[in-house]
Novice: 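Just passing along the structure, written as structure tokens.
Throughout, protein chains are lettered first and strands after them, A, B, ... in sequence-line order, and every chain is numbered starting at 1. Every heavy atom of this structure was used, including side-chain atoms; hydrogens, water molecules and symmetry mates were not.
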There are 2 protein chains.
Amino acid sequence: MSPGINLNELARRFKVSRATVARILNRNIIYTRPTYRRRADKIRRAALRMGYRPNAAAKAVSTGRFGHVGLLMGTHYERSNFSRELLRGIHDGLSPHRIHYSVWFLDDSELSDQTSLPRFLSEQLMDGLLINYTHELPHHFRAAVKRVAMPAVWLNVKEQGDCVYPDDLQAGRKAVQYLCDLGHRQLAFADFVHGPENPFRAHYSVFDRRQGVEEGMAEMEVKHRFLTVRRALPGPEAIQAAAAFLREPPIPTAVICHAARDAAICHAAAVQLGISVPRDLSLLTFGPDRLNESIFDLTHFIEPNQAMGRMAAERLIACINGEADPEFSRPVPYQLKTGNSTTTPP
Amino acid sequence: MSPGINLNELARRFKVSRATVARILNRNIIYTRPTYRRRADKIRRAALRMGYRPNAAAKAVSTGRFGHVGLLMGTHYERSNFSRELLRGIHDGLSPHRIHYSVWFLDDSELSDQTSLPRFLSEQLMDGLLINYTHELPHHFRAAVKRVAMPAVWLNVKEQGDCVYPDDLQAGRKAVQYLCDLGHRQLAFADFVHGPENPFRAHYSVFDRRQGVEEGMAEMEVKHRFLTVRRALPGPEAIQAAAAFLREPPIPTAVICHAARDAAICHAAAVQLGISVPRDLSLLTFGPDRLNESIFDLTHFIEPNQAMGRMAAERLIACINGEADPEFSRPVPYQLKTGNSTTTPP
DNA sequence: CTGAAAGCGCTTACAG
DNA sequence: CTGAAAGCGCTTACAG
């Protein structure tokens, strides 16, 4: 890599001190006297022309700020939610402050190793941490984060101190509300994955989404049924379960599905039974911004990944600037996207 | 953030020079004389106990290496392919070399602005660039990358200098091969999105995947038909087109679909026609590692995103170390994942 | 508004 | 194997 020109060199060429050059280049000083202004302009143009690129590391050394935060993720899929929107949101939250972020994948063996820490903890490398790790982060690792006293914001978890997470409780309620506003009075909720005896500790969203739906149903005093399974069902079995459920009266006019796959299952069952979606049956679900690969356009509440990323980033910057708040906990609202799977009841 | 202890302090406490401490901590010197060894151990333990974290920025200033590269992406979906696997692969390629990476989203307005450059170009911030930007990167931006003479590797494009991309040509061929090995002799290829008159410049993979299939079919001397559309079809229309295609003899025993959505469309059409998948009709496609939300398990060639990320990272490190090679161009093979959508012909 | 100077925390020939 | 010293490229009170 070409070393390029530096402050010293620039100062030498214009026979001024490097302090002056730095001031001209860094702060947008408005020079009142024309002589100064002309000189400043000349130096700015020269810096541009000669391709001066200030060394960010040197700046970090003198200021003690890295202008850099880290995003932590687990290697395993279950450990961290992750999407392009999330990264985008983080980027949007950080870039106005001229802060960039790096991505770190931690695999389980690295995490369980008590003797050595990942580099972002064992070195001074960044100003803060966005932790996107929802399941089973080992305790000693959490302690290590505390020990280095780096500002940290948690994503997608509810229990931690400084955290930002999608508001599944509200989304569940709003789902019921939306269907009721369309005129539905006989609802159902379907989840073909999570049962009451589910062995692994589920993400808070599994409970909250369902509970929001329950609360909404109670509030709206609407008739309803729940399709809950004992264990996660593979596709064909799930379709059969859905078909059985949809055949049994009182037949719902709308089903709120826990996720896109559940909606696809209900849809397949409906096709089997000759039930037309959305004419005879509305389907509504929750999921990421782009429910890929689906042929038909599912009405769903969009996970606010981008907003969550942005808010977490902004919150982290506040922490870095000393506005820590152990009580901070921010739910982020879902957005409804209406598709072709919902309409008024028959 | 707690400033913590530094080299100087550590040196002072042990009454040695900081050069000595640095040597003990950085290089794993094997001390022959026990006195030295004991002292080294003591210093290492003390560093650990006192929570010494070397300042990476200071190191970067002295060595001239940042240990940091950037990943460029477009804000728009069409501009960059992106997946967790890709990031994971990049991480895997970089981390053995103790290099981390930051993610940069460039939106179109930022890119078209000729007067100001994004920070990673206007500052000395990193050692190299991974460019994941497949469509319409403005020329002046490309020139700016050249001008700063930062090592750069391109992802997911074929035409550039130093590039790493999925081998769609080979994947297309292998798809035909696989079906022929199962005994199929009447194949088809379906793509409901990309037509010959497609207005936007398609990604190379659109052409290569199809061409690979064509070459494979020619090579295997197998009967075949192509379903090509004039323009991208919405779901319901596509299903009708697929049904019409599947009704018309000679009826294929297997369809190679350009992507998961195309396979879903063919599947829906088959259901409509009472054709059983895979008994009467095998479906095979291409796509990311986890074809989410699909109820049934599609046989598909997996985009080698993780391998591509790793290879690009390794290649970039080679470039940084001065092993540039303008002719470097690496296709990465797809991996077949067999599912429930393919079997022997009826 | 400016420059000389000290400082940030490291690395690395160099002489001993 | 070690220490004194110079150096990396910045920033920032401070005195003028």
Side-chain angles (χ1 to χ4, degrees), chain A residues 1-43 47 50-68 98 122-127, chain B residues 1-43 47 50-68 98 122-127:
Chain A
M1 182 143 43
S2 72
I5 192 177
N6 63 16
L7 260 196
N8 252 321
E9 187 70 13
L10 219 42
R12 212 171 50 73
R13 304 232 181 164
F14 285 89
K15 302 198 195 319
V16 291
S17 74
R18 58 175 181 265
T20 302
V21 179
R23 278 188 285 251
I24 288 173
L25 261 32
N26 291 345
R27 324 200 213 283
N28 265 30
I29 305 173
I30 311 296
Y31 290 92
T32 45
R33 276 200 260 176
T35 346
Y36 287 151
R37 215 185 46 223
R38 266 199 298 277
R39 190 186 63 180
D41 286 349
K42 206 153 70 180
I43 291 181
M50 305 172 74
Y52 169 63
R53 302 194 302 144
N55 185 313
K59 175 169 194 163
V61 173
S62 355
T63 60
R65 284 282 186 98
F66 295 92
H68 170 201
R98 318 212 80 201
S122 70
E123 296 185 8
Q124 283 184 272
L125 189 57
M126 47 207 201
D127 303 314
Chain B
M1 180 143 43
S2 72
I5 192 176
N6 63 17
L7 259 196
N8 251 320
E9 187 69 14
L10 219 42
R12 212 171 49 73
R13 304 234 180 163
F14 284 90
K15 304 201 195 316
V16 291
S17 74
R18 57 173 183 267
T20 302
V21 179
R23 277 189 286 251
I24 287 173
L25 261 31
N26 290 344
R27 324 200 212 284
N28 266 31
I29 305 172
I30 310 296
Y31 291 91
T32 44
R33 276 200 261 177
T35 346
Y36 287 151
R37 216 184 46 223
R38 265 198 299 277
R39 191 186 61 178
D41 286 350
K42 207 153 71 179
I43 292 181
M50 307 173 73
Y52 170 63
R53 302 193 303 146
N55 185 313
K59 177 168 193 163
V61 173
S62 356
T63 60
R65 286 282 186 99
F66 295 91
H68 171 203
R98 316 213 79 200
S122 70
E123 295 184 9
Q124 283 184 272
L125 190 57
M126 46 207 202
D127 303 315

Novice: So Thr20(B) and Phe14(B), do their side chains get closer than 4.5 Å, heavy atoms only?
Specialist: no
Novice: Taking atom CG of Leu10(A) and atom CE of Met50(A), what is their separation to the nearest 0.5 Å?
Specialist: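 Going from the CG atom of Leu10(A) to the CE atom of Met50(A) covers 6.0 Å.
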Novice: Starting at atom CG of Asn8(B), determine the distance to atom P of dG3(D), rounded to an integer number of angstrom.
Specialist: 13 Å
Novice: Measure CD/Glu123(B) against C1'/dG9(D) and give the value in whole Å, please.
Specialist: 13 Å
Novice: Starting at atom CD1 of Ile5(A), determine the distance to atom C1' of dC10(D), rounded to an integer number of angstrom.
Specialist: 15 Å
Novice: Enter the distance from Lys42(A):NZ to Ile24(A):CD1 here, rounded to the nearest 0.5 Å.
Specialist: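 Spacing of NZ (Lys42(A)) from CD1 (Ile24(A)) equals 11.0 Å.
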Novice: To the nearest Å, how far apart are Gln124(A) CD and dC8(C) P?
Specialist: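 The distance from CD of Gln124(A) to P of dC8(C) comes to 13 Å, rounded to the nearest Å.
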Novice: Using whole Å, what does the distance between atom C1' of nucleotide dC1(D) and atom CD1 of Ile43(B) come to?
Specialist: 13 Å
Novice: Are the side chains of Lys59(A) and Arg65(A) in contact, using a 4.5 Å heavy-atom criterion?
Specialist: no
Novice: Which residues satisfy the salt bridge (Lys or Arg N to Asp or Glu O under 4.0 Å) test with Arg12(A), sequence neighbours excluded?
Specialist: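 Checked Arg12(A) against salt bridge (Lys or Arg N to Asp or Glu O under 4.0 Å); matches are Glu9(A).
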Novice: Could you tell me how far apart Asn55(B) (CG) and dC8(D) (P) are, to the nearest whole angstrom?
Specialist: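 Between P of dC8(D) and CG of Asn55(B): 18 Å.
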Novice: Could you give the CG-to-P distance, from Leu25(B) to dC1(D), as a whole number of Å?
Specialist: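 Interatomic distance, CG of Leu25(B) to P of dC1(D): 16 Å.
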Novice: Starting at CG of Asn6(A), measure out to CZ of Arg53(A) and round the result to the nearest 0.5 Å.
Specialist: 12.5 Å
Novice: Can you find a pair of side-chain heavy atoms, one from Glu123(A) and one from Asn55(B), that are under 4.5 Å apart?
Specialist: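 Side chain of Glu123(A) against side chain of Asn55(B), heavy atoms only: no contact under 4.5 Å found.
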Novice: Base contacts versus sugar-phosphate-only contacts with protein, heavy atoms under 4.0 Å: please encode nucleotides 11-16 of chain C as B, S and - from 5' to 3'.
Specialist: BBB---
Novice: Please answer whether the main-chain N or O of Asp127(A) pairs with a side-chain N or O of His68(A) as donor and acceptor at a distance below 3.5 Å.
Specialist: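 Flag not set: sc His68(A) to bb Asp127(A) has no pair under 3.5 Å.
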Novice: Counting only side-chain N and O atoms of Thr20(A), is one of them less than 4.0 Å from OP1 or OP2 of dG3(C)?
Specialist: yes
Novice: Given dG9(C), is OP1 or OP2 found less than 4.0 Å from the side-chain N or O atoms of Asn6(B)?
Specialist: yes
Novice: Pairs counted as Watson-Crick or G-U wobble with both distances under 3.5 Å: what dot-bracket string results for DNA chain D, using | for bases tied to another strand?
Specialist: |||.||||||||.|||
Novice: In whole Å, what is the span from the CZ atom of Arg65(B) to the P atom of dG9(D)?
Specialist: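 These atoms are roughly 15 Å apart.
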Novice: State, to 0.1 Å, how close Ala60(B) and Ala57(A) come at their nearest heavy-atom pair, and which atoms those are.
Specialist: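 The pair with the smallest heavy-atom distance is CB-CB, 3.6 Å.
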